[in-house]
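The structure under discussion appears below in the form of structure tokens.
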Amino acid sequence: MGERTLAKAYSPREHEPACLERWTRERCFHAEPGDPGAPYSVFIPPPNVTAALHLGHALNNTLQDALVRVARMRGANAMWMPGTDHAGIATQTVVEKRLLQQGIRRTDLSRETFVAKVQEWKDEYEGVILDQLRAMGASCDYDRVRFTMDPVCTAAVREAFFRLFCDGLIYRGKRLVNWDPVSQTALADDEVEMEEVDGHFWYLRYPLEDGSGHITVATTRPETMLGDTGVAVNPKDPRAAALRGKRVRLPIVGRVIPIVEDDYVVMPVSRGGDPSDPKAQFASGFLKVTPAHDANDWDIGLRHGLVAINVMAPDASISDRHGWTDVSDEARGFVGMSREDARRAVVTWFREHGLLEDAKPYRHSVGHSYRSHVPVEPYLSDQWYVRVTDDRLRGAALRAMAPEQVEGALPAGAAALPARAGDGELRFFPPRYARTFQQWHEGIRDWCISRQLWWGHQIPVWSRTVSVTAQGSGLSAAASGALGAAVAAGDGAGLAVRVSRISDGAPVRVEGDIEAALRAAGPGDYAIHACARHDAAGTALEAHGFVRDPDVLDTWFSSALWPMSTLGWPEPDRFGMRGLLDTWNPSAVLSTAREIITLWVSRMVMMNRYLLGGRVPFRHVFIHSIVQDGYGQKMSKSLGNGVDPRDIIATHGADALRFCLVQMSTGTQDVRLPVDVLCPFTGESFAPKTVTTSSGHTVAAPIQSCPKDPAKRMVTAFGASSGQAVPTDEMPLARNTSARFDIGRNFANKLWNATRFALAQFPEGGDPAGVAVSPERLVDRWMLATFARAVRAVDESVDGYQFNACAEALYNLVWRDFCDWYLEAIKPTVKSDPRQRAVLRAVLDGSMRLMHPVMPFVTEALWPSVQGIAGSPVDGLRLDPSATLARAAWPAARPGLDDADAIARFARVQALVLAIRNVRGERGVEVKRRITLHAAAAASSIVQDGAGVVETLAGLASVVPLDPSSRPADAVPVAFEGEEFWLSGLVDAVDTAAESQRLAKAIADRERVAAGYRAKLSNPGYLAKAKPELIEETRSLLAKAEADIAAARKARESLAGA
RNA sequence: GGGCGCUUAGCUCAGUUGGCAGAGCACCGCCAUUACACGGCGGGUGUCGCAGGUUCGAGUCCUGCAGCGCUCACCA
């Protein structure tokens, strides 16, 4: 079946589709729980469906694929779970933008219609993403593709929410959230990006109520003064005592507010503040307190019983309809202004009224929405939270850490608990990232999970408010009965009920009879929240005036369940997934980027441990490097500087892409990747002209001109993805490419041609199969030993997630050792030596297997030819036959195959060959010209040991003993291993002066080296303290150097005498 | 401000327990040689960011400084 003749060059586009088709047809990547082998699973970090994948994703997925393919070949029951993430706010924003281009606002549509539009977008990009993964060769189990809003994932989200709600780990809270006034949704802390902004410190005078003067507050946000409900001063401030009990009259508003004392307030340097504290440089000592619009002020307000007055609408305009009731006539003019206009207007007002004491320019960081990029407004609202600060979540995450990676001691109490499944099982690679994980949890705050969006998992809570009077709550008997029954039944009823007083949020204890509980709690307004395990229980409440929360959950809530939900938790049977959860959770490794440690890794660990009896979701976390563009900027979907991996596949092939990404994964250094544009007119690549975006990033200009013909223009990928330019027939889309992938392309071609050559050495159909053979020739023993070492190097690098070392080991094995030395060395002998052919066959076969995880296409394409060669196995190297390489066994080399003696002896052969080639190269001897070696003892024994290899590789016509008494006229002397050998027949006439110069150079070089050794050996400290074997080695190196010098000197003399 | 990382050949980067610096690309010379020009052979290239310290010996360990990047915190 093996093809005897291969094309002269490897053409990825001719072979990749066939490989993909074959893998799919034979379901090579599908795994079932009962399949043989130890379970090994990887969960893809599900990419957002907002856009196509870029090279950052390609890097991550290539590394995962290499891991999974190695595991599969080692015989594991390997399953790589693919899928995509709905990315609530990101996807909704993208679709909203697209609709706006057609003049449609989201709110013009019904929720159902809008969600359907997002669903269309999702379907399109999910398809693109899966195509990209396939094109890269990702060996995912495509039968198991999941989406975070699939029914099975939705079921998991519902169950997780219900369980956390029942256990008191989800609560509703009225507090300040990070509010995005454009998207009009709350954001989690990690969705806020800090950006440097040029602002001002404004110094505003607030008159004392008793007319005895004024105090001055310093603020960067003067517009919030409309919501001030107090002024704070540090009790240590010398002025505090005199102001005790006084109040100020808030300008514009007229509100009279207290002066409170709080040691949070920074004192100005002039009043004893710490000069090293930058705040003290700007502080006035008086802090305006706006509990509804500042997180710290909120805390101060709580400590001093200050009310919170919200003066803004959800769009961040000044509003009197969201909690502000004491609006004065003066203040009414500010209502309706945007926060920016209000800031200017407030400052102007203070200036005009002589109350603006000062204004200083001030550069500081302001939180911006990661999505809409406008400043985030601290905004008072009701949201749902996960109590991640609870020990059952945070503590469990910290206890999951491998003990040797924990820095210091775990938080009090955490370490004292009885050990539990999963404790200490989580390990980071590289280890330094454990610290990020630990520090994040030590400083974690409760997680706001509600989002005011339409795209996502709607929160499964039905609520209503009741007013309790002497007559009762007004709840119908039916409603009261249903809720009471649910409470009495506990979790089993599928309905969990929580009641709280609205005025202060105090919980009301409910033990069965709701009505009784409410009456006991006393008159007032109460909120009843019922969390339903299934929709039916919730919708049944709607008849009783309950309304489902319109908000959706933070996307990470569903992502946090990914390693469980994709395996059918909590009801695997319902989705035909029996056995999956227990087979593949915990997974082997999560491969992801640095910023995901806090966003996702943490949450997966907490959820998996909480909901699955302590199990960790993955035992290893591998943090890969970040792919940057040529300007050091991270490739990202939002910036639009990402390169589509299909572009690289088109110009270089998938294997080239993969090999180079593996090679670039170094563990410390991010990957910088200069990107070129491929001209669609000429096919040539060029560095694009760039523009600077409003955010200060450098990107390719949307439209470029052909360097050869400026009249011809094209649209860049950036232009198309950012919507700034639309490709047309006249102005087509230009793909990206990058010369960084040339190495991979060349390497694939090298492997192809090496195989092509090797195949040609065999008789038709191969050799007769027989018993295992042992090689006799040194070069064969060396090749097998080198192969055995390469297997070990690849094994170790893969197991340690040191991918660049893996690429290096493969490259050295195939190119340097196999092609440059072995194939060249065996050319004269292999056709007549069946035993050597057995070695060639084995090493070729084994190399294919070793290369496959990194370069699956070219190896799979060659595999039928390689497997088509019959022959005897080689003793010590087990290579079980397999129809497809993707399912073939990993090479197993017996320890004895690593033959140190053969490697050492062949190293001398190589050294002699290089010494001869060096002279040939410097003398410009034609490759075809065969020369004569006059060998003394050492060289002679090496030649003999090499059994023809030296002659072949150094281009020797003959080897004769060196006879000092009869030196040929054209003999060129060379110093080697402390002796001399001659080469004759190099050229027709010897250039004595040039030879002498060459020898002089060699002498100088060795003298320099010898001087170094002598210096060492004459250093008493070195002799006294260095290891004895090291000193011995130095002595021997010095002796060799001196012998070389002597030999070269003698050679030079004999040259002069010739 | 806290934490982490980086600074090595023109470029992109290795350098795992301290023992006189490496790869690929680029560059120069030779080569149509029947596996491969996506190739072969040969070549040179470095105050290992700066300044101290430990050591017989430092790219490697320690301290300080500078620059770059990421991350957390900070809207007085």
Side-chain angles (χ1 to χ4, degrees), chain A residues 6 8-10 189-190 194 197 199 201 217-221 224 265-266 268 276-288 293-296 362 364-367 375-376 378 430 432-433 435-436 439-440 443 594-595 597-598 626 628 632-634 652 656 663-664 666 668-674 739-740 742-761 800 802 804-805 808 811-812 819-820 823-824 827 914 917-928 955 1008-1009 1011-1013 1015-1016 1019-1027 1030 1033-1034:
Chain A
L6 300 172
K8 193 172 171 181
Y10 173 58
D189 293 339
D190 47 56
M194 304 312 289
V197 167
F201 253 117
V217 298
T219 181
T220 58
R221 302 192 57 204
T224 63
V265 179
V266 174
S276 66
D277 182 351
K279 281 181 185 169
Q281 308 287 338
F282 284 90
S284 70
F286 295 99
L287 178 65
K288 62 190 277 302
H293 292 283
D294 183 284
N296 294 313
Y362 182 60
H364 61 144
S365 292
V366 175
V376 161
R432 66 177 180 277
Y433 292 113
R435 182 197 278 249
T436 308
Q439 287 177 347
W440 164 259
R594 286 195 284 277
E595 73 268 19
I597 297 170
T598 54
I626 286 170
Q628 304 169 341
Q633 307 163 132
K634 182 163 79 177
H652 289 77
Q663 192 186 41
M664 290 186 272
T666 65
T668 52
Q669 189 74 43
D670 285 335
V671 175
R672 186 178 281 216
L673 224 153
R740 289 292 301 276
D742 289 355
I743 302 165
R745 182 197 54 195
N746 297 354
F747 190 33
N749 187 57
K750 187 74 178 178
L751 183 65
W752 178 270
N753 274 291
T755 306
R756 191 159 77 99
F757 171 78
L759 293 174
Q761 308 311 309
Q802 297 186 328
N804 62 322
E808 193 184 1
Y811 186 90
N812 286 339
C819 291
D820 287 353
L823 290 184
E824 294 300 331
K827 275 181 179 174
L914 289 174
R917 279 180 177 176
N918 180 296
V919 176
R920 294 183 61 125
E922 285 194 355
R923 292 281 77 86
V925 179
E926 283 180 29
V927 175
K928 284 187 286 263
R1008 192 180 56 80
V1009 170
Y1013 294 137
K1016 264 191 172 181
N1019 181 338
Y1022 180 71
L1023 295 175
K1025 298 191 178 172
K1027 279 179 254 169
L1030 192 68
E1033 195 190 327
T1034 307

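This structure is a prediction, so every number in the text was calculated from the model and none was measured.
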Could you tell me whether the phosphate oxygens of [N], OP1 or OP2, come under 4.0 Å of any side-chain nitrogen or oxygen in [X]?
X       : N      : result
R432(A) : C4(B)  : no
T666(A) : C13(B) : no
T220(A) : A76(B) : yes
T668(A) : A14(B) : yes
K8(A)   : C36(B) : yes
N296(A) : A76(B) : no
N746(A) : C36(B) : no

Please determine, for [N], whether a Watson-Crick or G-U wobble partner exists with both distances under 3.5 Å, and give it or none.
N      : answer
C36(B) : none
A51(B) : U63(B)
U16(B) : none
A21(B) : none
G5(B)  : C68(B)

Nearest to the side chain of [X], which nucleotide is it out of [options]?
X        : options                : value
K634(A)  : A32(B), U71(B), C36(B) : U71(B)
R756(A)  : C13(B), C38(B), A35(B) : A35(B)
L1030(A) : C20(B), G19(B), A35(B) : G19(B)
A754(A)  : C75(B), A76(B), A35(B) : A35(B)

### Inter-residue atom distance F201(A).CZ - S284(A).OG, 0.5 Å rounding
9.0 Å
### Message
Please report the distance separating the C1' of G49(B) from the corresponding atom of C6(B), rounded so that it comes out in whole Å.
### Response
11 Å
### Message
If I compare all heavy atoms of K288(A) with all of T219(A), which pair ends up nearest, and what's the gap?
### Response
CD-CB, 3.6 Å
### Task
Would you check if R221(A) and P378(A) make a side-chain contact, meaning some heavy-atom pair closer than 4.5 Å?
yes
